[in-house]
Engineer: 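Dropping a structure here in structure tokens format, bear with me for questions.
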There are 2 protein chains.
Amino acid sequence: MQETGEVQEQDAGMRVVHLLRAVTVELDRIGERFAARHALHPTDVRALICLLDAARTGTSATPGTLGAHLGLNSAGTTAVIDRLERLGHVRRERDTRDRRRVLLRVDEGAVALGWSFFGPLIHEVVAVMGRFDAADQATIERFLAGVHEAVTRERAGREQHL
Amino acid sequence: MQETGEVQEQDAGMRVVHLLRAVTVELDRIGERFAARHALHPTDVRALICLLDAARTGTSATPGTLGAHLGLNSAGTTAVIDRLERLGHVRRERDTRDRRRVLLRVDEGAVALGWSFFGPLIHEVVAVMGRFDAADQATIERFLAGVHEAVTRERAGREQHL
DNA sequence: GACAATATCTCGCTCAGCGAGATTCTTGTT
DNA sequence: AACAAGAATCTCGCTGAGCGAGATATTGTC
């Protein structure tokens, strides 16, 4: 990794790549920890996050949207919802307009659970941001937005050829 | 996924948190895509990354270190290595010093496979970094290092109470 | 009303990962 | 040297997540 400090200038990019990867690995691990602690599977955590996102933005979630989001089969999606429902984190409610559909309502306890997971992380990141002045914060934000856009584009490109 | 309309979070910290999360989600998805395309499981990809890291830093990998890194059981670890070996990505070699141990050697093809996965991503991130001057790059690096340190500490703290 | 499309669920199967324990080799003790 | 304790890995049997195929119920269209 540390090749005697050669080519220091352009290696900032490489160091940042490795830092980004390290951060994602850590976040994944925290997710796994959280899952294990609450008798959930990693997939269930992802599902819960997805449902909380939907609740936060006001959009109503259904088994279909959830499954698409998680990349799961309809059978697998049913299984995930069954598990979450059994734990009382989510309820199924028939849509009165289109009675084929089922609306997924997250329980209050699940929202609290979500915050107990994200809260400390958010706090940490906000604290780190606090060490920088407004101009630097804007720089950081632009960088992350750029990475997000680039990575999303990369993925979209890979989806192309199957 | 997208924060359309929701302007309540004008706090830069919050926006950065969401960006970080979005980036990790995208990276995870790319990993899944990569896995599906090469007849690998997500765990196998993580294992491959771990082995490539070891090869890159010169440290010799064993089933034990790999399993610890992946959070797998010894039985599960054996299974992962079996799969990778069957695909020709890794070879088992008895350690001549401590003949209880097995050393894991990654095949040349696996290294190439790793680069075909990471290469484009690295290129993208480096390109984004190229949009910033040296001072801003240093800021970004300090920020990510700070987040990494904070997140790692968070996880360590959670490991505490089981 | 017959028909295709849509949303969800059921059934049977495969295989990743777990726990328990077997195997092989090393190291320290006597 | 012989033996016990420990370490690294592997084998076996099992549970359960997720898949494919198909069943069921509901909607809009002709």
Side-chain angles (χ1 to χ4, degrees), chain A residues 28-29 31-33 35-48 50-51 54 59-87 89-105 162, chain B residues 28-29 31-51 54 59-87 89-105 162:
Chain A
D28 279 353
R29 288 196 174 175
E32 285 169 18
R33 272 286 145 184
R37 174 178 287 277
H38 292 91
L40 295 170
H41 301 265
T43 301
D44 300 346
V45 174
R46 290 178 60 185
L48 214 48
C50 179
L51 293 174
T59 53
S60 57
T62 70
T65 61
L66 180 64
H69 224 282
L70 297 176
L72 285 185
N73 185 307
S74 69
T77 305
T78 299
V80 174
I81 300 171
D82 283 347
R83 293 196 298 267
L84 291 179
E85 195 171 38
R86 201 175 311 131
L87 291 170
H89 294 318
V90 73
R91 291 192 317 279
R92 281 177 164 99
E93 284 181 12
R94 274 286 165 198
D95 187 344
T96 51
R97 309 194 173 200
D98 185 341
R99 292 176 40 73
R100 288 171 301 185
R101 305 212 297 170
V102 165
L103 299 180
L104 302 176
R105 303 268 189 224
L162 186 67
Chain B
D28 279 352
R29 289 196 174 176
E32 285 169 17
R33 272 286 146 182
F34 179 79
R37 175 178 285 278
H38 292 91
L40 296 170
H41 301 265
T43 301
D44 300 345
V45 174
R46 289 178 61 185
L48 215 48
I49 290 171
C50 180
L51 292 175
T59 53
S60 56
T62 70
T65 60
L66 179 64
H69 220 280
L70 298 175
L72 285 185
N73 187 308
S74 70
T77 305
T78 297
V80 174
I81 300 171
D82 282 348
R83 293 196 297 268
L84 291 179
E85 196 171 37
R86 203 176 308 133
L87 291 171
H89 295 318
V90 73
R91 292 193 316 280
R92 282 175 164 100
E93 286 180 11
R94 275 286 164 198
D95 187 344
T96 52
R97 305 189 175 204
D98 184 341
R99 293 175 40 73
R100 288 171 300 184
R101 305 211 297 171
V102 165
L103 298 181
L104 303 176
R105 304 269 189 224
L162 188 65

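It should be emphasised that the depicted structure is a prediction, and the values quoted were computed from it without experimental measurement. Lettering follows sequence order; numbering is per chain, from 1.
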Engineer: Which distance, rounded to the nearest 0.5 Å, do you find between the CG of A:L40 and the CG of A:L87?
Structural biologist: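 With rounding to 0.5 Å, CG (A:L40) is 6.0 Å from CG (A:L87).
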Engineer: Less than 4.0 angstrom from a charged side-chain N to a carboxylate O is my criterion; do A:R46 and A:E32 meet it?
Structural biologist: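 Salt bridge: no.
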Engineer: To the nearest angstrom, how far is B:D98 atom CG from C:dT23 atom C1'?
Structural biologist: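 Between C1' of C:dT23 and CG of B:D98: 15 Å.
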Engineer: Between atom CG in B:D95 and atom C1' in D:dA8, what is the gap in whole Å?
Structural biologist: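 About 11 Å, once rounded to whole Å.
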Engineer: Can you check the A:E32 CD to C:dG17 P distance for me, whole Å?
Structural biologist: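 Taking atom P of C:dG17 as the reference, CD of A:E32 is at 11 Å.
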Engineer: Any idea which of C:dG17, D:dC10, C:dC9 is nearest the B:L72 side chain?
Structural biologist: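 That would be C:dG17.
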Engineer: Identify, between A:H41 and B:V102, the residue whose nearest nucleotide on DNA chain D lies closer to the 5' end.
Structural biologist: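 Looking at the nearest nucleotide for each, B:V102 comes out on the 5' side.
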Engineer: Quick one: label A:A75 by what it contacts on the DNA or RNA (base, sugar-phosphate, nothing), any heavy atom closer than 4.0 Å.
Structural biologist: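 Base: the residue A:A75, judged by heavy atoms under 4.0 Å, touches a nucleobase.
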Engineer: Send over the distance from A:E85 CD to C:dT8 P, rounded to a whole Å.
Structural biologist: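 Atom-to-atom, A:E85 to C:dT8, this comes out as 13 Å.
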Engineer: Heavy atoms only, 4.0 Å cut-off, all strands: where does A:T62 land among base, sugar-phosphate and nothing?
Structural biologist: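 Sugar-phosphate only.
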Engineer: Do the side-chain N or O atoms of A:R97 get closer than 4.0 angstrom to the phosphate oxygens (OP1, OP2) of D:dT26?
Structural biologist: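 It does not, given that no N or O in the side chain of A:R97 lies less than 4.0 Å from OP1 or OP2 of D:dT26.
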Engineer: Is the shortest side-chain heavy-atom distance between A:V102 and A:D95 below 4.5 Å?
Structural biologist: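 No; the side chains remain at least 4.5 Å from each other.
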Engineer: Are A:R92 and A:D82 close enough for a salt bridge, meaning some N to O gap below 4.0 Å?
Structural biologist: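 A salt bridge links A:R92 with A:D82.
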Engineer: Expressed as a whole number of angstroms, how long is the span from A:L70:CG to C:dT8:C1'?
Structural biologist: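 These atoms are roughly 16 Å apart.
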Engineer: Rounded to whole Å, how long is the line connecting atom CZ of B:R92 with atom C1' of D:dT9?
Structural biologist: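 Between C1' of D:dT9 and CZ of B:R92: 9 Å.
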Engineer: Does A:R94 reach a base, just sugar-phosphate, or nothing at all? Heavy atoms under 4.0 Å.
Structural biologist: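 Contact class for A:R94: none.
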Engineer: Please give, in whole Å, the distance from D:dG18 C1' to A:D44 CG?
Structural biologist: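 In whole Å, D:dG18 C1' lies 12 Å from A:D44 CG.
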Engineer: Just checking A:G71: base, sugar-phosphate only, or nothing, at a heavy-atom cut-off of under 4.0 Å?
Structural biologist: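 Sugar-phosphate, no base atom in range.
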Engineer: Within the structure, does a side-chain N or O atom of A:R83 lie under 4.0 Å from either OP1 or OP2 of D:dG18?
Structural biologist: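 Yes, such a contact exists.
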Engineer: Please determine whether a side-chain nitrogen of the Lys or Arg among A:E93 and A:R91 lies less than 4.0 Å from a carboxylate oxygen of the Asp or Glu.
Structural biologist: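 Looking at A:E93 and A:R91, the cut-off is met.
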Engineer: Look at the side chain of A:R99 and decide which nucleotide, out of D:dT26, D:dA17, C:dT10, has an atom nearest to it.
Structural biologist: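 Per side-chain heavy atoms of A:R99, the pick is D:dT26.
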Engineer: Tell me whether the side-chain N or O atoms of A:R100 pair up with the base of C:dT8 as donor and acceptor below 3.5 Å, since no angle test is needed here.
Structural biologist: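 Between C:dT8 and A:R100, which were checked side chain against base, a qualifying N/O pair under 3.5 Å is absent.
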Engineer: For B:S74 and D:dA8, is the shortest distance between a side-chain N/O and OP1 or OP2 below 4.0 Å?
Structural biologist: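 Checking B:S74 against D:dA8: no side-chain N or O falls below 4.0 Å of OP1 or OP2.
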Engineer: Is any side-chain N or O of A:N73 closer than 4.0 Å to OP1 or OP2 of D:dG20?
Structural biologist: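 Yes, within the criterion.
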Engineer: Looking only at side-chain N and O atoms, does B:R46 come under 4.0 Å of OP1 or OP2 in C:dA16?
Structural biologist: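 So the side-chain polar atoms of B:R46 never come under 4.0 Å of the phosphate oxygens OP1 or OP2 of C:dA16.
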Engineer: Mind calculating the distance between CZ (A:R101) and C1' (D:dG28) to the nearest angstrom?
Structural biologist: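 In whole Å, D:dG28 C1' and A:R101 CZ are 14 Å from each other.
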Engineer: Does a sphere of radius 6.0 Å around NE2 in B:H69 hold more than 12 heavy atoms from other residues, nucleotides or ligands, not counting ones at 6.0 Å or beyond?
Structural biologist: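 For B:H69, atom NE2 is not crowded (no more than 12 foreign heavy atoms under 6.0 Å).
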Engineer: Could you check whether B:T43 gets within reach of a base, just the sugar-phosphate, or nothing at all, counting any heavy atom under 4.0 Å?
Structural biologist: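 Touches sugar-phosphate only.
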